[in-house]
Amino acid sequence: MPLIIANWKMNPATLTEAKDLFLQIKKVSIKNRKSTVVVCPPFLFIESLRKFTAPKISLGAQDVFWELEGAYTGEISPLQLYESGARYVIVGHYERRTRITLNETDEVINKKLKASLKAGLKPILCVGESKRDEAGNFLHFIKRQLELDLAGVKKTDLKNLIIAYEPIWTVGRDAKRKALPEECREIVVFIKKVLADMFGRNAMEKVQIIYGGSVDSKNARDYLTTGSAQGLLVGRESLRPKEFNEILKSI
Ligand code: PGA
């Protein structure tokens with residue numbers, strides 16, 4: 001069943017707006033038997049939105065720290081996230097890797113991912129290249145991200161792992177263009193191959209691979225069909241309930 005992740009980023013400004021947005025999305029989500037929705041709001045809103053969750057719509061966070069508790073001023077642990085109602089967590093989004101110069105390294109992402117699994121959260125690991133080149137160097141880049149970010153992850157944890165392929169050139173307002181569904185499929189197959197080499201074929205099949213980057217109601221279905229993605233990570237359009245609900249209906 002496709003997993004549709006709503007990444008609200010640092011929006012909306014108030015809890016009232018967050019509740020309103022969540023409830024509008026929920027109406028369509030619970031009617032839609034064909035997909036499962038995960039809303040990832042800013043940390044502050046998770047606990048308050050928890051009472052509105054239902055089997056078809058749950059909550060995730062957009063980041064996490066790698067220690068479970070201790071003297072880490074300003075950080076939020078995976079245990080605290082789980083306790084507040086989050087069941088998923090986005091790890092390694094490109095805005096944290098590079099865009100807002102947080103410079104999150106693969107080593108840090110790997111620690112966050114393993115700590116999340118340990119606490120019972122399902123990590124959504126984002127990988128993707130900043131540009132494509134004829135020689136195919138971008139494939140090495142994605143492979144390297146996967147190898148470093150998933151180092152030391154146990155095979156038995158792979159059923160709880162989601163990988164989001166997000167080519168950076170398609171994400172957000174600065175997107176150069178949208179990815180073609182065929183380009184998505186090519187990388188889904190490539191990611192599966194890298195995972196099979198790392199963990200074996202059976203274990204690889206447990207991982208859900210989704211697509212993100214300028215997803216809208218016109219292209220959502222194509223990424224899932226032609227693109228072979230098993231879900232979608234939606235940014236901008238997840239803040240527009242009508243458009244997000246059109247995405248859900250189109251599936
Ligand atoms: P976008 O963002 O849908 O606005 O391109 C996707 C993301 O950043 O996860």
Side-chain angles (χ1 to χ4, degrees), residues 2-13 18 21-22 25 29 35-43 45-46 58-64 86 88-104 109 112-113 116 121-132 142 145-146 149 161-181 183-184 187-188 191 208-224 227 229-251:
L3 187 62
I4 313 299
I5 318 276
N7 178 10
W8 286 359
K9 308 193 179 181
M10 205 173 68
N11 303 291
L21 189 53
F22 191 91
I25 292 175
S29 306
S35 54
T36 306
V37 174
V38 178
V39 176
C40 300
F43 288 134
F45 303 146
I46 295 177
S58 53
L59 286 163
Q62 300 169 18
D63 183 34
V64 65
Y88 294 78
V89 59
I90 297 172
V91 180
H93 192 280
Y94 111 88
E95 285 158 10
R96 299 196 61 83
R97 288 183 190 259
T98 52
R99 208 197 119 226
I100 43 179
T101 58
L102 290 169
N103 287 334
E104 224 168 76
I109 291 162
K112 291 184 170 187
L113 190 135
S116 301
L121 292 168
K122 296 185 178 179
I124 302 153
L125 170 67
C126 300
V127 296
E129 77 284 2
S130 57
K131 56 179 193 300
R132 290 201 166 194
I142 296 170
Q145 281 188 324
L146 290 167
D149 298 349
L161 173 70
I162 296 115
I163 294 181
Y165 171 52
E166 288 213 310
I168 295 174
W169 45 274
T170 69
V171 176
R173 285 186 214 293
D174 306 332
K176 298 219 167 33
R177 66 169 172 91
K178 293 180 183 176
L180 301 172
E183 289 171 316
C184 171
I187 304 301
V188 169
I191 291 175
Q208 207 164 352
I209 303 173
I210 68 173
Y211 174 78
S214 293
V215 172
D216 60 30
S217 63
K218 286 181 212 79
N219 58 28
R221 207 184 136 83
D222 292 341
Y223 288 127
L224 298 175
Q230 294 164 289
L232 302 164
L233 180 50
V234 187
R236 280 159 294 164
E237 303 297 359
S238 70
L239 293 166
R240 302 169 63 208
K242 275 210 185 97
E243 182 61 20
F244 190 74
N245 287 338
E246 284 306 316
I247 293 177
L248 294 179
K249 285 186 205 156
S250 76
I251 297 170

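Residues: numbered from 1 along the sequence shown. Keep in mind that the numbers below use all heavy atoms, side chains included, and drop hydrogens, waters and symmetry copies. Each ligand, and each atom within it, is numbered from 1 in the order the structure gives.
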Partner residues of Tyr223 under the ring-ring contact (aromatic ring centres under 6.0 Å, His included) criterion, sequence neighbours left out: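 ring-ring contact (aromatic ring centres under 6.0 Å, His included) list for Tyr223, sorted by chain: Tyr211.
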Quick one: look at [X] and ligand 1, take heavy-atom pairs under 4.0 Å, and tell me if it's side chain, backbone, both or neither.
| X | value |
| --- | --- |
| Arg173 | neither |
| Asn7 | side chain |
| Glu237 | neither |

N or O pair under 3.5 Å between Gly235 and ligand 1: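 For ligand 1, there is an N or O atom that lies under 3.5 Å from one belonging to Gly235.
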Short N or O distance, Glu95 and ligand 1, threshold 3.5 Å exclusive: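 No, there is no polar N/O contact under 3.5 Å.
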Donor-acceptor pair between Tyr94 and Glu104 side chains, under 3.5 angstrom: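 There is no such pair (donor and acceptor under 3.5 Å, judged by atom type) between the side chains of Tyr94 and Glu104.
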Pro42 side chain reached by Gln62 side chain, heavy atoms, under 4.5 Å: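 A side-chain contact under 4.5 Å exists here.
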Ile251 side chain near Ile4 side chain, heavy-atom distance below 4.5 Å: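 Yes, their side chains come closer than 4.5 Å.
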Protein heavy atom at shortest distance from atom 9 (O) of ligand 1: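 Looking at atom 9 (O) of ligand 1, the protein heavy atom closest to it is Glu166 OE2, 2.8 Å.
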Shortest protein heavy-atom distance from atom 4 (O) of ligand 1, along with the residue and atom involved: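 Atom 4 (O) of ligand 1 sits closest to the protein heavy atom Arg236 NE, 2.7 Å.
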Qualifying residue, where the test is side-chain hydrogen bond (donor to acceptor under 3.5 Å, both in side chains) with Ser214 and the options are Lys178, Arg236, Arg173: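 That would be Arg236.
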In terms of atom number and element, which parts of ligand 1 are under 4.0 angstrom from non-hydrogen atoms of [X]?
| X | answer |
| --- | --- |
| Leu233 | 9 (O) |
| His93 | 7 (C), 8 (O), 9 (O) |
| Lys9 | 2 (O), 7 (C), 8 (O) |

Option nearest atom 5 (O) of ligand 1 (shortest heavy-atom distance, choices Ala6, Ala164, Gly172, Cys40):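 Checking each option, the heavy atom nearest atom 5 (O) of ligand 1 is found in Gly172.
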Check: Ala179 main-chain N/O paired with Asn219 side-chain donor or acceptor under 3.5 Å: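 It does not hold such a pair.
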Ser214 near ligand 1 by a heavy-atom separation under 4.0 Å: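 Distance cut 4.0 Å: Ser214 passes for ligand 1.
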Lys112/Asp63 under side chain to side chain contact (heavy atoms under 4.5 Å, CB included): CA gap, chis, key distance, verdict: CA-CA 8 Å; Lys112 291 184 170 187; Asp63 183 34; 2.9 Å; yes
Test: Arg97 and Glu166 ion pair at under 4.0 Å: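 Looking at Glu166 together with Arg97, the answer is no, because their closest N to O distance does not fall below 4.0 Å.
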